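Some notes on the structure that comes next.
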Amino acid sequence: MTDEFAGAVRRFRLRAGLTQEALAERSGISVSTIRGMETGKRRNPQLASVRQLAAALALRPQEQEDLLSAASAEPVPAPRQLPPELAGFVGRGDALGRLDAVLDDGATSTVVISAISGTAGIGKTTLALHWAHRVADRFPDGQLYADLRGFDPGGTVMAPGEALRAFLEALNVPARSVPDDVEAQAAKFRTLMAGRAMLVVLDNARDAAQVRPLLPGTPGSLVVVTSRHDLTGLIATTNARGLPLALLSREEAHALLADRLGAERVDAEPAAVAEIIDRCAGLPLALAVVAARAAHTSFSLTAYAEELGGLDGFGSGDEATDLRAVFACSYLALSPAAARAFRLLGLHPGTEISLAAAASVTGLTSARRVMQELTRAHLIVERTPGRFEFHDLLRAYAAEQVQPDERHDALYRLVAHYRHNAEHARAKEHPGTPAEPTPPDGVVAVAYADVTAARSWLETETPALLAIVRSDHGFPREVVALVRAIANFLDVNGRLSANVDILHRAIAFTQDQGQLVALWKLIARVHTRAGRHTEARALLDHALEIDLASGDTNALGYTYFGLARLAGGRGDHREALDLVSKTVACFQESGNRSAEADALNGVAWCLAMLGEYDEALVRAEQAIAAGEVVSAGRIDTLGYIQHCRGNHGEAVQHFRTAIGIAENAGDRYMLAEALTHLGDTHEAMGNHAEARETWEQAVEEWEALHSPEADALRARLT
């Protein structure tokens, strides 16, 4: 049992206006048991007792599920997400005092918020993290951190939903249980934060609208926001305390250089140090970059001061000019290979890049050496082994340095890297799927040891894959191929909104009718999953007209298959059988054996739905024999037929096999379907406890997929 359960019981009881005694009388559970649940001393409550409480408190179905989940969950450590603070923090005594005052004097009736604002490179994040680490012990329930990327030059500002998803997962909400809707995510986040004492750091916010969904709704927690804007709207509509950050004083700037370079070296050249401080205009980032460069050489500080003096506008106060000059100091100190890598990395549209992608964009067999040099120069950060991040302004500066004769080829290698490796990841999961055998020149192929590794790559690279699709780079054909390669992965993982978004973008990029029709079918599948049958039918009818005219039997087979799914979804299984039978014929003619096996399975399913179980069994066995690999869907159909024939023992075995295959394949839709069917068979066998447990697992999967099946199955459970 988790602390979340104890808090939830108390919160629901107070909402119902009941004392512990009144709740005991209404539920039939002793007062001491209820008191133990609320204090956390009753560590292993019986689920039957929890259900009695839920009924007595008149909880809604989702609240009941959440309460049961919290009761059975193991305690998890509090999240500690604060990144490490930078070494050598100096000064900022006044700002630290004001932050301490916000913490000590904060009102108890609202969430306390401090908004740190200031120009780029002024040290907002450094200050926030230093203070957060200093007071972390004041927040026993943990700390949450998100870089909101509010001023990302590539336009990849973090959506509130992305940050909420990360926070909910940190609060032990399974990824599949995170709602797709931002408002629902925010509501769940506020619910989980209620009664907790947590520190939330929202770094690099774009505006108040980006921050508001991420705020807890009850007192006890403190939020620190950093932004280049003053966030006046947030201050006006909440109790946020504004904290504009000033430039460093001369004393603070001197202390920073002494910490980074050593007091002896700084004291040896006072005039040069004074010149550097003047040229950096008290900007912490400028001072840090100059110090980082100087720390790796034995050159005199006078030489650095003279070089800084030759950069126009370095101390003008203009953000872009100041930072460009500072970044140039570090960039010009790089080796030629590292300098080229630095500027080409600036073409990447995402905030994170893998070592393999870095090798592709640079055209190097291995980019490890240049990436290490860039890391030492503090121009990139290796967040995890083999994965690197650019500061947003550094990346913008790097992109400005790209030479005209290298931009086109580097961009092509970058886009081709994601397209080629996505296609091979798809082919690993679906043998026989087309994928070029060798990558284009200069592109590094990722080696997938197995299907799990391929799926892991897709999961890790999803942000970069989406960013590549959404960016403007001039390679539309590559984008269309990339979208088709990742659409199925997004589909089976329930990423419906992202899938529709990139599919529409691919449609805008293609003039090829065959590609266009294929994309319509993919969008229709997403609409079908989401229950938007009218939209799906319109797309498929249009595709059918074109496929019939073209005579492409393989393409026509997929269209008939989509229409069959629609017919089955509305309960017209006779029409679905007619359509899927046409699908079989099309795939037989085109020689698409894998698709033919799926279509035969569809025939078996339709026959089973029509009560023709003997013929359905024959077709199901044909489908399994025809397939090159054993699929969860075909085994599930076989189990369903045996269930309908009354062979419940065989059905259970088939469903368990299908569940295992679906889990290994990462196919959440098929997993939810097989779990539902297994629960049905347990119920038919009189195994009511097993049926309920299995259906509860199925509901979780359907909810993760945002499917209407979740409500239908939950109603059966109720």
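Here the structure is a predicted model, which is why all the values come from computation and not from measurement.
Salt-bridge check for Asp541 with Arg537: passed, with a basic side-chain N closer than 4.0 Å to an acidic carboxylate O. With respect to the salt-bridge test (charged N to carboxylate O, under 4.0 angstrom), the residues Asp181 and Lys188 do not qualify.
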Atom pairs and distances, side-chain donor-acceptor, residues 644-656, under 3.5 Å, sequence neighbours left out:
residue : atom : partner : partner atom : Å
Arg645  : NH1  : Asp614  : OD1          : 2.6
Asn647  : ND2  : Gln642  : OE1          : 2.7
Glu650  : OE1  : Gln642  : NE2          : 3.4

Could you list the donor-acceptor pairs under 3.5 angstrom formed by side chains in residues 573-581, with sequence neighbours left out?
residue : atom : partner : partner atom : Å
Arg574  : NH2  : Glu612  : OE2          : 3.3
Glu575  : OE1  : Arg570  : NH2          : 2.6
Glu575  : OE2  : Arg570  : NH2          : 3.2
Ser581  : OG   : Leu577  : O            : 2.7

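Residues Met193 and Leu171 have side chains in contact (heavy-atom distance under 4.5 Å, counting atoms from C-beta outward). Side-chain contact check for Asp680 versus Thr694: every heavy-atom pair is 4.5 Å or farther apart. Inter-residue side-chain proximity for Met37 and Leu53 is flagged as met; some heavy-atom pair is nearer than 4.5 Å.
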Under the side chain to side chain contact (heavy atoms under 4.5 Å, CB included) criterion, do Ile641 and Trp605 qualify, and how do the steps go? CA-CA 8 Å; Ile641 295 168; Trp605 180 260; over 6 Å; no
Give the C-alpha distance, both sets of side-chain angles, the deciding distance and a yes or no for side chain to side chain contact (heavy atoms under 4.5 Å, CB included) between Leu465 and Leu458. CA-CA 8 Å; Leu465 293 166; Leu458 287 168; 4.2 Å; yes
CA sep, side-chain torsions, deciding dist, call: His417, Asn421, side chain to side chain contact (heavy atoms under 4.5 Å, CB included): CA-CA 6 Å; His417 169 87; Asn421 289 301; 3.3 Å; yes
Please report the C-alpha distance between Asp501 and Arg470 in whole Å, then the side-chain angles of each, then the deciding distance to 0.1 Å, and finally whether the salt bridge (charged side-chain N to carboxylate O under 4.0 Å, His left out) criterion is met. CA-CA 9 Å; Asp501 176 38; Arg470 291 164 176 161; 2.8 Å; yes
Could you walk me through whether Arg15 and Glu63 pass the salt bridge (charged side-chain N to carboxylate O under 4.0 Å, His left out) test, one step at a time? CA-CA 13 Å; Arg15 186 184 71 180; Glu63 291 173 337; 2.8 Å; yes
Is there a side chain to side chain contact (heavy atoms under 4.5 Å, CB included) between Leu566 and Asp572 once you walk through the steps? CA-CA 9 Å; Leu566 274 179; Asp572 192 341; over 6 Å; no
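Residues passing the side-chain hydrogen bond (donor to acceptor under 3.5 Å, both in side chains) test with Thr559 are Lys521, Asp547, sequence neighbours excluded. Contacts of Ala55 classified as side chain to side chain contact (heavy atoms under 4.5 Å, CB included), with partners at least two apart in sequence or in another chain: none. Shown here are the ring-ring contact (aromatic ring centres under 6.0 Å, His included) partners of His504, two or more places apart in sequence or in another chain: there are none. Applying the salt bridge (Lys or Arg N to Asp or Glu O under 4.0 Å) rule to Glu436 yields the partners Arg419; only residues at least two apart in sequence or on another chain are considered. Considering only residues two or more places apart in sequence or on other chains, Trp695 meets the ring-ring contact (aromatic ring centres under 6.0 Å, His included) condition with none of them. Checked against side chain to side chain contact (heavy atoms under 4.5 Å, CB included), Thr460 has the following partners two or more places apart in sequence or in another chain: Arg387, Ser456. For Phe587, the ring-ring contact (aromatic ring centres under 6.0 Å, His included) criterion is met by Tyr558, not counting sequence neighbours. In this view, Glu663 and Ile659, Leu671 satisfy the side chain to side chain contact (heavy atoms under 4.5 Å, CB included) rule, not counting sequence neighbours. Not counting sequence neighbours, Asn664 has no partner by the side-chain hydrogen bond (donor to acceptor under 3.5 Å, both in side chains) test.
Side-chain contact, Ser354 with Trp457: no donor N or O sits under 3.5 Å from an acceptor N or O.
Heavy-atom neighbours of Glu589 CD from other residues, nucleotides or ligands within 6.0 Å: at or below the threshold of 12. Annotation: Arg477, atom CZ; neighbour count of heavy atoms from other residues, nucleotides and ligands within 6.0 Å does not exceed 12. Heavy atoms from other residues, nucleotides or ligands lying under 6.0 Å from CD of Glu169 number more than 12.
Cation-pi geometry between Arg165 and Phe167 is not met at under 6.0 angstrom from the ring centre and within 45 degrees of the axis.
Using a distance-only test at 3.5 Å, with no hydrogens or angles considered, no donor-acceptor pair links the side chain of Arg668 to the main chain of Ala704. Of the possible donor and acceptor atoms, none in the side chain of Arg426 sits under 3.5 Å from a partner among the backbone N and O of Ile486. Distance alone, capped at 3.5 Å, is enough to place a donor-acceptor pair between the Arg26 side chain and the Ala56 backbone. Using a distance-only test at 3.5 Å, with no hydrogens or angles considered, a donor-acceptor pair links the side chain of Thr681 to the main chain of His677. With hydrogens and angles ignored, the 3.5 Å screen pairs a side-chain donor or acceptor of Gln64 with a backbone N or O of Leu59. Proximity of a side-chain donor or acceptor of Ser590 to a complementary backbone N or O of Thr553 within less than 3.5 Å is not detected. In this structure a side-chain-to-backbone donor-acceptor pair under 3.5 Å is missing from Asn687 to Glu690.
Residue Asn601 holds its CG atom at 6.0 Å from OG of Ser631, rounded to the nearest 0.5 Å.
Here salt bridge (Lys or Arg N to Asp or Glu O under 4.0 Å) pairs that include residues 594-608, with residues two or more places apart or in two chains, are Arg593-Glu596, Asp598-Arg634.
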